[in-house]
Amino acid sequence: MSRARIRLVTAAAAAALTVGTLPGAAYAAAAPGAGVSARHHQQQQAETMRQIPLQGAVNLRDVGGYRTWTGGQVRQGLVYRSDALSKLTDADLTTVSGLGLTKVVDFRIPMELQYDGADRLPTGLSPTSRPVSDLGLYGTLVGAIGSGDPVVQEQMLGGGRAEAYMRDIYRTFVSSPENRAQFAATLREIADARQGPVLYHCTSGKDRTGWMSYVLLRALAVPEDTAERDYLASNTFRAAYDARVRAGLKQSGRMQNPDLLIPLQEVRQDYLDAATAQLEADYGGFYGYLTQGLGLDLRTLAKLQDRMVR
């Protein structure tokens with residue numbers, strides 16, 4: 001196999017893995033026993049996530065449909081979350097066209113675009129590049145897989161290092177001013193009543209996209225446990241695809257132990273907890289994160305509610 005071909009295969013494998021105004025008290029989690037009826041809790045448990053099946057992407061979902069603890073429901077058909085759209089088929093383009101999107105936000109960094117390719121979108125729709133740092137994760141994956149050396153791969157990803165890497169990435173979703181600016185800009189666009197349906201994505205649609213969705217749902221007064229469930233659902237939607245990636249790497253001889261990649265392929269509660277702990281430390285709570293960290297004023301938060309909750 002030529003060196004160029006090896007680089008292409010390595011990059012493709014890496015791409016398959018990766019990255020009314022309410023008062024502040026309204027953004028605290030409401031447990032079912034704290035003013036939320038048992039019936040309402042059962043309704044939350046019965047909610048299903050609306051996946052849009054595609055051939056070239058596995059994690060495209062409508063963010064809407066969830067009940068809020070204030071008695072509303074998040075509108076469907078306005079905001080979508082996804083993994084990368086660079087491999088959409090012609091049939092996929094027809095499906096995506098039917099969503100009526102007016103904005104696609106791409107959280108991937110330039111290296112991901114270089115190796116994985118730009119989004120393939122319906123005619124007349126162009127992506128807005130809004131990169132959120134992955135702390136070099138994509139490059140680390142390319143290097144680890146490309147080495148073909150099981151000792152190097154273990155040194156880079158084994159012994160809890162992959163998990164620690166992920167927790168560090170999640171902390172920077174909160175601590176990095178540049179990352180906060182990208183998330184804030186997306187929330188402002190979603191709040192704009194003049195804006196049509198919006199889709200945002202990263203490479204795997206689970207980390208940067210997962211955090212964006214978690215923040216949006218919490219800002220809309222969706223209960224914390226429901227927002228966590230939406231976040232963790234990426235494991236279900238991605239499981240079969242990610243398993244095929246690992247099997248392919250083992251079969252090709254690129255990795256003797258592709259299970260080293262599982263902590264990078266999955267979303268985990270402790271990753272999310274790393275971000276929320278950073279949020280608490282820096283801003284004292286979720287409301288402080290919205291207003292101080294993201295710079296969203298009360299008018300914008302009210303507009304977000306008005307547009308997204310019925």
Backbone of Val58 reached by a side-chain donor or acceptor of Gln51 within 3.5 Å:
yes
Donor-acceptor pair, Thr172 side chain versus Ser175 backbone, under 3.5 Å?
no
Separation between CD of Gln55 and CG of Leu93, rounded to the nearest 0.5 Å:
10.5 Å
Identify whether Leu199 and Leu217 are in the same connected component of the hydrophobic contact network (ILVMFWY, side-chain heavy atoms under 4.5 Å).
no
If only atom types and distance count, is the side chain of Arg120 paired as donor or acceptor with the main-chain N or O of Ser86 below 3.5 Å?
no
Rounded to the nearest 0.5 Å, what's the gap from CD1 on Ile262 to CG on Leu157? Could you check?
12.0 Å
Do the side chains of Asp116 and Arg108 get close enough for a salt bridge, i.e. N-O under 4.0 angstrom?
yes
Any side-chain donor paired with an acceptor under 3.5 Å for Tyr170 and Asp207?
yes
Assess Arg130 against Phe107: is NZ or CZ under 6.0 Å from the centre of the six-membered ring, and within 45 degrees of the ring's axis?
no
Should Leu113 and Leu135 be counted in the same cluster of Ile, Leu, Val, Met, Phe, Trp and Tyr side chains packed under 4.5 Å apart?
no
Side-chain (Asn179) to main-chain (Ser133) donor-acceptor, under 3.5 angstrom:
yes
Check: Arg161 side chain, Gly158 main-chain N or O, donor-acceptor pair, under 3.5 Å:
yes
Measuring from atom CG of Leu54 to atom NZ of Lys87, what distance do you get when rounded to the nearest 0.5 angstrom?
13.5 Å
Hey, quick one: are Leu187 and Leu101 part of the same hydrophobic cluster, counting side-chain heavy atoms closer than 4.5 Å, chains of contacts allowed?
no
Just by distance, do the side chain of Tyr271 and the backbone of Pro263 share a donor-acceptor pair under 3.5 Å?
yes
Is there a path of hydrophobic side-chain contacts, each under 4.5 Å between heavy atoms of I/L/V/M/F/W/Y residues, joining Leu220 to Leu272?
yes
Regarding Tyr138 and Thr203, is there a side-chain donor-to-acceptor distance under 3.5 Å anywhere?
no
Is it the case that Arg61 and Ser234 place a side-chain donor and acceptor less than 3.5 Å from each other?
yes
State whether a side-chain donor-acceptor pair under 3.5 Å links Gln265 with Arg246.
yes
Please test Arg299 against Asp297 for salt bridge (Lys or Arg N to Asp or Glu O under 4.0 Å), starting from the C-alpha separation and ending with a verdict.
CA-CA 5 Å; Arg299 182 178 179 184; Asp297 58 24; over 6 Å; no
Closer than 4.0 angstrom, basic N to acidic O: yes or no for Arg268 and Asp270?
no
Between the side chain of Thr291 and the main-chain N/O of Gly295, is any donor-acceptor distance below 3.5 Å?
no
Pairwise distance OG(Ser129) to CG(Asp119) - rounded to 0.5 angstrom:
9.5 Å
Which ILVMFWY residues can you reach from Val151 by hopping between side chains whose heavy atoms are under 4.5 Å apart?
none
Indicate whether the side chain of Arg310 and that of Gln73 have a donor and an acceptor atom separated by less than 3.5 Å.
yes
Going by distance alone, is a donor N or O of one side chain under 3.5 Å from an acceptor N or O of the other, for His201 and Asn59?
no
Apply salt bridge (Lys or Arg N to Asp or Glu O under 4.0 Å) to residues Arg81 and Asp62 and explain how you reach the verdict.
CA-CA 7 Å; Arg81 53 173 295 171; Asp62 191 325; over 6 Å; no
With no hydrogens and no angle check, is any side-chain donor or acceptor of Ser147 less than 3.5 Å from a backbone partner on Ala144?
yes
Quick one: do Lys303 and Asp306 make a salt bridge, cutoff under 4.0 Å?
no
Using a 3.5 Å distance criterion without hydrogens, assess whether the side chain of Glu112 forms a donor-acceptor pair with backbone atoms of Ile109.
yes
So how far is it from Leu60 CG to Thr95 OG1, rounded to the nearest 0.5 Å?
9.0 Å
Answer with yes or no whether the side chains of Arg218 and Tyr214 bring together a donor and an acceptor at under 3.5 Å.
yes
When clusters are formed by joining ILVMFWY residues with side-chain heavy atoms under 4.5 Å apart, either directly or through shared neighbours, do Tyr283 and Leu216 land in the same one?
yes
Looking only at side-chain N and O atoms, does Asp230 offer a donor or acceptor that is under 3.5 Å from a partner on Tyr66?
yes
Measure from the side-chain N and O atoms of Tyr200 to the backbone N and O of Ser82, and report whether any donor-acceptor pair falls under 3.5 Å.
no
